[in-house]
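Every heavy atom of this structure was used, including side-chain atoms; hydrogens, water molecules and symmetry mates were not. Position 1 is the first residue of the sequence, and the numbers go up from there.
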Amino acid sequence: MAFTDLREFLKVLAGLPGELLEIEEPVDPEYEAAAVLGYRPRNGPAVLLRDVARYPGWRIVGNVLGTRRRVALALGVGEEDLIAEYFRRRCSAIPPKEVPTGPVKEVVITAPLDLKDYLPVPTFHEGDAGPYVTAGVCIARDKASGRYHLGIHRIQLKGGNRLGIFLANPPLATWLESRESCGERLEIAIAVGVDPAVLLAAVTRSPVGPDRPDKMSIAGSLRGEPVELVPCETVDLRVPATAELVIEGRIVPGRREKEGPFGETSGYYFTFDNPVLEVTAICHRKAPIYQAIVPGTDEAETIVGLSSVSELIHRLREALPGFCGFALIPGTCGFHGALSLKKKTKAEARQAALLALSLDPRLKQVTVVDDDVDVHSPEDVTWAAATRCRPDEDIIVLPRLPGYPIDPASDGSSTAKVIVDATKPEAETERFRRAVPHPSAVAKAEGIWKRHLQGGRNS
């Protein structure tokens, strides 16, 4: 089914065992909300805070798309088909349609206000400069082509109606530069609490060009129906009609101010000199739900990883005849990936790793394993690296390659990257043959355990 708003998806999660935890006791957005949303077991539920201290009427939700299972549910596909179906849809387009109004217009405020006093934006870490919007979908439009772009960027509430916004990547950085060169302000709308398809489309890697679908059309394809858009109040943009909250504003040309420190998804604080956005209006639904993504958690890795992994798998499968699978290692901020390969020589394994490093700029390490190793199991990959890798021969360090902005080990422009060849030597396959139970015994054991875990009894 297609989910047209966040509330509809949360309602479905509430009806499924273990998918939504609702907390009634008061929780403060300053430090407490992030701690509660981030304190959970791996593959834990989405969390809805129903009583937000100091902000009556608001609720806060997090970890909405924190598992592959919930992402698959949001797209209406089986978990085993998630990567392939996501990639198929992101390459298609269902253009949005404009409607005169929608739920996001239930409350409209154009009078000046202090955003910190009105919005329950969490402060995440003890060293953060202040509250940060982390699940805000930034919406802007190219002046020349009229095409829309969506992206998730870190946004600091600086006080009053001012926001600091990190725009390091194209096309928004390019559009801002173009507007600033003419002394013009870039208009931006920030939608918070959107339906899952719009959120996923915002982090999709999509080349910009006249022959490529824009991200609003990709969101429609992911959803399976057009995204309904309503006009903004003070800027010439269109935004999702069912968003929980929209912040409208314009970036002041030529102005840069300190933004940060902020604890990024890599687990470290970063500070930049970034543009300033002056807010001109906010619109929101009644009894609004503020959505947050806690940096460095399962949700941050899951939604960003879905886009990069689907693209990477597609490219690797095209280029490598023996390709079997690829996965990011959980807890590594997307910096470490495992690639399984049915190879003939060690050279093929290393060539495959080099290709993966060149295709995804986030990757710092690629561990290559044979097809008898499950890349989705960190324990399996670690076992292969521990028992099949000869460090003096099979660890290759590649110096002076492009770095990633939120990698603290990068000097800002370059870093070293690593290939770990954890595949069997081609001349010693029998010595490295894995000890495994007999397949028929495994099938019987799985049946016994399944009945046991379901409370049944083996007759």
Participant: Would you compute the distance between atom CD1 of Ile303 and atom CG of Asp298 and round it to the nearest 0.5 angstrom?
Facilitator: 11.5 Å

Participant: Out of curiosity, Trp175 CH2 to Arg147 CZ, how far, rounded to the nearest 0.5 Å?
Facilitator: 8.0 Å

Participant: Just by distance, no angles: are the side chains of Thr280 and Thr234 close enough, under 3.5 Å, to form a donor-acceptor pair?
Facilitator: yes

Participant: Salt bridge check: are Arg69 and Glu79 linked by an N-O gap of less than 4.0 Å?
Facilitator: no

Participant: Could you name each residue pair satisfying salt bridge (Lys or Arg N to Asp or Glu O under 4.0 Å) that touches residues 53-64, not counting sequence neighbours?
Facilitator: Asp28-Arg54

Participant: Identify the two heavy atoms, one from Ile188 and one from Cys138, that lie closest to each other, and give their separation to 0.1 Å.
Facilitator: CG2-CB, 4.4 Å

Participant: Enumerate the side-chain hydrogen bond (donor to acceptor under 3.5 Å, both in side chains) contacts for residues 321-341, please, sequence neighbours excluded, ordered by first and then second residue.
Facilitator: His336-Gln365, His336-Thr367

Participant: Applying salt bridge (Lys or Arg N to Asp or Glu O under 4.0 Å), name anything that partners Glu22, two or more places apart in sequence or on another chain.
Facilitator: Arg50

Participant: Write down the atom of Ala349, the atom of Val368, and the distance for their closest heavy-atom approach.
Facilitator: O-CG2, 3.5 Å

Participant: Could you give all pairs that pass the ring-ring contact (aromatic ring centres under 6.0 Å, His included) test and reach residues 277-297, with sequence neighbours left out?
Facilitator: Trp58-His284, Tyr118-His284

Participant: Describe, in one word, how the ring planes of Phe270 and Phe272 are oriented to each other, choosing from parallel (under 30°), tilted (30 to 60°) and perpendicular (over 60°).
Facilitator: parallel

Participant: May I have all residue pairs that pass side-chain hydrogen bond (donor to acceptor under 3.5 Å, both in side chains) and include part of residues 190-200, sequence neighbours excluded?
Facilitator: Asp195-Arg223

Participant: Atom CG in Leu359, atom CD1 in Ile313: separation rounded to 0.5 Å?
Facilitator: 12.0 Å

Participant: Is a side-chain N or O of Asn63 found less than 3.5 angstrom from the main chain of Gly44, in a donor-acceptor match?
Facilitator: yes

Participant: Under the 3.5 angstrom rule, does the side chain of Gln156 hit a backbone N or O of Gly260 as a donor-acceptor pair?
Facilitator: yes

Participant: Do NZ/NE/NH1/NH2 and the carboxylate oxygens of Glu187 and Arg250 come within less than 4.0 Å?
Facilitator: yes

Participant: So, do Leu10 and Val61 sit near enough that their side-chain heavy atoms are less than 4.5 Å apart?
Facilitator: yes

Participant: Evaluate Glu85 against Arg88 for salt bridge (charged side-chain N to carboxylate O under 4.0 Å, His left out), listing each step before the verdict.
Facilitator: CA-CA 5 Å; Glu85 183 62 16; Arg88 185 189 70 80; 2.6 Å; yes

Participant: Is the shortest distance from a Lys or Arg side-chain nitrogen in Arg434 or Asp380 to a carboxylate oxygen in the other one below 4.0 Å?
Facilitator: yes

Participant: Please lay out, stage by stage, how Val276 and Ile251 fare under the test side chain to side chain contact (heavy atoms under 4.5 Å, CB included).
Facilitator: CA-CA 6 Å; Val276 175; Ile251 292 181; over 6 Å; no

Participant: Ring pair (Phe, Tyr, Trp, His ring centres under 6.0 Å) with Phe9: which residues, sequence neighbours excluded?
Facilitator: Phe3

Participant: To the nearest 0.5 Å, how far apart are CG in Leu21 and CG in Leu48?
Facilitator: 9.0 Å

Participant: Only pairs at least two apart or in different chains count here, so list each salt bridge (Lys or Arg N to Asp or Glu O under 4.0 Å) that has a residue in residues 313-324.
Facilitator: Glu311-Arg315

Participant: Okay, side chain of Thr387, backbone of Trp383: is any donor-acceptor separation there less than 3.5 Å?
Facilitator: yes

Participant: Provide the closest heavy-atom pair for Gly403 versus Thr415 in the form atom of the first, atom of the second, distance.
Facilitator: CA-CG2, 3.8 Å

Participant: Can you tell me if Thr242 uses its side chain to pair, donor with acceptor, with the backbone of Thr4 under 3.5 Å?
Facilitator: yes

Participant: Is the shortest side-chain heavy-atom distance between Leu113 and Ile282 below 4.5 Å?
Facilitator: yes

Participant: Just to verify, what does Lys105 make a salt bridge (Lys or Arg N to Asp or Glu O under 4.0 Å) with, not counting sequence neighbours?
Facilitator: Glu233

Participant: Are any non-hydrogen side-chain atoms of Leu82 and Leu306 less than 4.5 angstrom apart?
Facilitator: yes

Participant: Just to verify, what does Tyr269 make a ring pair (Phe, Tyr, Trp, His ring centres under 6.0 Å) with, not counting sequence neighbours?
Facilitator: none

Participant: Can you name the closest pair of heavy atoms from Gln291 and Gly193 and give their distance?
Facilitator: OE1-CA, 3.6 Å

Participant: Find the distance between CG (Leu341) and SG (Cys324) and round it off to the nearest 0.5 Å.
Facilitator: 6.5 Å

Participant: Quick one: does Glu301's side chain have a donor or acceptor within less than 3.5 Å of a partner on Cys333's backbone?
Facilitator: yes

Participant: Enter the distance from Leu222:CG to Leu75:CG here, rounded to the nearest 0.5 Å.
Facilitator: 6.0 Å

Participant: Could you pull out the closest heavy-atom pair between Ile152 and Ala202, with the gap in Å?
Facilitator: CG1-CB, 4.0 Å

Participant: How about Arg388 and Thr423: do any of their side-chain heavy atoms sit closer than 4.5 Å?
Facilitator: no

Participant: As a quick check of understanding, evaluate side chain to side chain contact (heavy atoms under 4.5 Å, CB included) for Val294 and Thr134, giving each step before the final call.
Facilitator: CA-CA 7 Å; Val294 180; Thr134 55; over 6 Å; no

Participant: Could you check whether any side-chain heavy atom of Leu363 comes within less than 4.5 Å of a side-chain heavy atom of Leu328, counting everything from C-beta outward?
Facilitator: yes

Participant: Provide the closest heavy-atom pair for Val52 versus Pro120 in the form atom of the first, atom of the second, distance.
Facilitator: CG1-CB, 3.9 Å

Participant: Between Lys97 and Pro226, is there a donor-acceptor pair closer than 3.5 Å when you use the side chain of the first and the backbone of the second?
Facilitator: no

Participant: So, His153 versus Phe166, ring centres under 6.0 angstrom or not?
Facilitator: no

Participant: Can you list the residues that meet the salt bridge (Lys or Arg N to Asp or Glu O under 4.0 Å) rule with Asp236, with sequence neighbours excluded?
Facilitator: Arg141, Arg238

Participant: What salt bridge (Lys or Arg N to Asp or Glu O under 4.0 Å) pairs are there with at least one residue in residues 149-161, not counting sequence neighbours?
Facilitator: Arg154-Glu259, Arg154-Glu264, Lys158-Glu257

Participant: Has Asp360 got a side-chain atom pairing as donor or acceptor with Arg362's backbone, closer than 3.5 angstrom?
Facilitator: yes

Participant: Applying side chain to side chain donor-acceptor pair (under 3.5 Å), can you list everything that pairs with Tyr86, at least two apart in sequence or on another chain?
Facilitator: Thr204

Participant: As a quick check of understanding, evaluate salt bridge (charged side-chain N to carboxylate O under 4.0 Å, His left out) for Glu19 and Arg70, giving each step before the final call.
Facilitator: CA-CA 8 Å; Glu19 294 293 355; Arg70 286 200 290 279; 2.9 Å; yes

Participant: Is a side-chain N or O of Asp128 found less than 3.5 angstrom from the main chain of Gly263, in a donor-acceptor match?
Facilitator: yes

Participant: Check whether any side-chain heavy atom of Ile419 lies under 4.5 Å from a side-chain heavy atom of Leu357, and answer yes or no.
Facilitator: yes

Participant: Checking the side chain of Glu106 only, and the main-chain atoms of Lys286 only, is there a donor and an acceptor separated by less than 3.5 Å?
Facilitator: yes

Participant: Could you check if a side-chain atom of Leu163 sits within less than 4.5 angstrom of a side-chain atom of Val279, using non-hydrogen atoms only?
Facilitator: yes

Participant: Between Val47 and Leu20, is any pair of side-chain heavy atoms under 4.5 Å apart?
Facilitator: no

Participant: Any sub-3.5 Å donor-acceptor pair from Asp114's side-chain atoms to Lys116's backbone N or O?
Facilitator: yes

